[in-house]
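What follows is a short report on a single structure.
This is a predicted model, so every value here is computed, not measured. Indexing begins at 1, ligand by ligand and atom by atom, following the structure's order. Side chains included, hydrogens not; waters and symmetry mates left out as well; all remaining heavy atoms used.
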Amino acid sequence: MKRIGFLTSGGDCQSLNATMRGVAKTLYENCKDVEIYGILEGYKGLIYGNYRKMEPIDFTGILTEGGTIIGTSRQPFKKMRTPDENGLDKVEAMKSNYKKWKLDCLVILGGNGTHKTANLLREEGCNVVTLPKTIDNDIWGTDMTFGFQSAVNIATNAIDCIHTTAASHGRVFIVEVMGHKVGWLTLHAGIAGGADIILLPEIPYDIKSVVKALEKRTKEGKRFSILAVAEGAISKEEAALSKKELKAKRKNSPYPSISYQIGKEIEEYTGQEVRITVPGHTQRGGEPCPYDRVLSTRLGAAAGRLILDKKYGYMVGMCDGETVPVPLEEVAGKLKMVDPDTPMIQEAKDLGICFGD
Ligand code: F6P
C-alpha cells in the first residue's frame with residue numbers, strides 16, 4: 001500500500017490539474033494499492049490537517065481544467081519557522097500530520113517559495129517529490145515550468161488586441177505583464193505580440209532610451225507604439241538604490257505600478273497620449289494550452305515513476321526535451337533569470353526592438 005499526499009501551493013496557474021492527473025494516472029496504473037490524499041489549500045492544509053481522500057474519478061476530465069481542484073494558498077517560507085497566532089509550530093505540525101496520515105510521499109506542486117519549504121520538509125525527514133509550477137518560468141533546474149506557455153498565450157493575446165486600437169488612435173500603449181522579479185513572460189509575449197519596446201527587470205531601463213526609440217518611430221511615420229513592460233521592470237536609477245531605499249521609493253510612489261510611472265514620463269517627454277493595460281490575473285486563468293498539457297503530463301508521469309521507484313527528494317524538471325530528477329537542495333533558493341546576453345535578446349535588438357538600455 002502506498003499513501004501519497006498531493007499539495008498545490010502559491011499562486012495558481014493553468015496546468016496544475018493536468019500535472020496532478022499525470023502523477024495520479026501513473027500511480028493508479030502501475031501500483032495496485034495506492035491511496036491519494038488531496039491536502040487542501042497548500043501548506044495550510046498540511047499545517048492544520050485539512051485533506052480530502054481522492055478517488056481515481058477525481059483525476060478524470062481535468063486535463064483541460066485551469067486552477068487546482070485541491071485549492072492553494074500562499075504560506076511564505078520566511079514565516080514557516082514563526083509560530084502562528086496561537087503559538088503553533090508550523091513545521092512540527094506539518095511533520096506530525098505527515099506521520100499521522102502515514103504518507104509515503106508528498107507530491108508538491110509550486111514555485112520558488114514552495115520549493116524552499118519542500119526542501120525544508122525533506123531536511124526534516126519527509127519524502128518529497130516536487131513539480132515546477134509557475135507562469136513566471138523562474139524555477140532553477142528546468143528549462144520550462146508548466147503554466148508559462150499558457151500565460152504567454154494570454155499576454156500575447158492582450159498585446160494583439162491592443163494593436164488595432166493603438167493603430168486607430170495613434171497612441172502609445174503599455175501592456176504590463178506579470179512575472180514577479182523576472183522577465184521571461186514579458187520577453188516571450190513581447191516578441192510574440194510584436195511589441196516595439198520590451199522592458200525587463202534584468203535590463204534596467206533608461207527612460208531617455210525609451211523616449212528615443214519612440215521618437216524614432218514617430219520620425220519613421222509610425223503612428224503608434226506598444227511597450228511590453230514587466231511588472232518587475234526597474235529604471236537604471238532605481239537599480240542603483242539599495243533594497244531598502246527602493247522599497248521606500250516604491251511605497252511612496254503615487255503610481256499603482258511601474259507602467260503608470262513609465263507612462264507619465266513618456267507623456268511628459270514626448271507629449272504623446274499614453275494608455276495602460278494590465279491583464280493581471282487573467283494571465284493565470286483559463287485552460288492550459290496544448291504545450292502545457294503535454295509538459296504537465298510528461299512531468300507528472302515522471303514524478304509518478306520516481307515515487308514508484310522510491311526515489312525521493314527531487315524536483316522533476318524538463319531539460320533539453322527530457323524529464324530529469326533534479327535534487328531539491330540544488331533547486332531551493334535559486335532564481336532562474338533572463339540572461340541579458342542571451343541570443344534571443346540580441347536577435348530582438350537586431351530587428352529593432354528597444355530594451356531601454
Ligand atoms: O508567481 C506568479 C504570479 O502570478 C506573479 O507573476 C505575480 O507577481 C504574483 O504571482 C501575483 O501574486 P498574487 O496572486 O498573490 O497577487
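Between the side chain of Lys219 and the main chain of Leu214, no donor-acceptor pair closer than 3.5 Å is present.
Here the heavy atom of the protein found nearest to atom 3 (C) of ligand 1 is Arg284 NH1, 3.5 Å. Protein heavy atom closest to atom 1 (O) of ligand 1, with residue, atom name and distance, is Asp136 OD2, 2.7 Å. Among protein heavy atoms, the minimum distance from atom 8 (O) of ligand 1 is reached at Glu231 OE2, 2.5 Å.
Here the two rings, on Phe59 and Phe6, have centers that are under 6.0 Å apart.
Other residues, nucleotides and ligands contribute over 12 non-hydrogen atoms within 6.0 Å of the OH atom of Tyr98.
Atom 10 (O) of ligand 1 has its nearest heavy-atom neighbour, among His281, Lys133, Arg74, in Arg74.
Rounding to the nearest 0.5 Å places CD of Glu231 at 8.0 Å from CD of Gln283.
The proximity of Ile135 to ligand 1, defined as any non-hydrogen pair under 4.0 Å, is limited to the side chain.
Of all the atoms in ligand 1, the ones that sit under 4.0 Å from a non-hydrogen atom of Gly179 are 6 (O).
Contacts classified as ring-ring contact (aromatic ring centres under 6.0 Å, His included) and involving residues 129-180 (residues at least two apart or in different chains) are given here: Phe148-His188, His163-Phe224.
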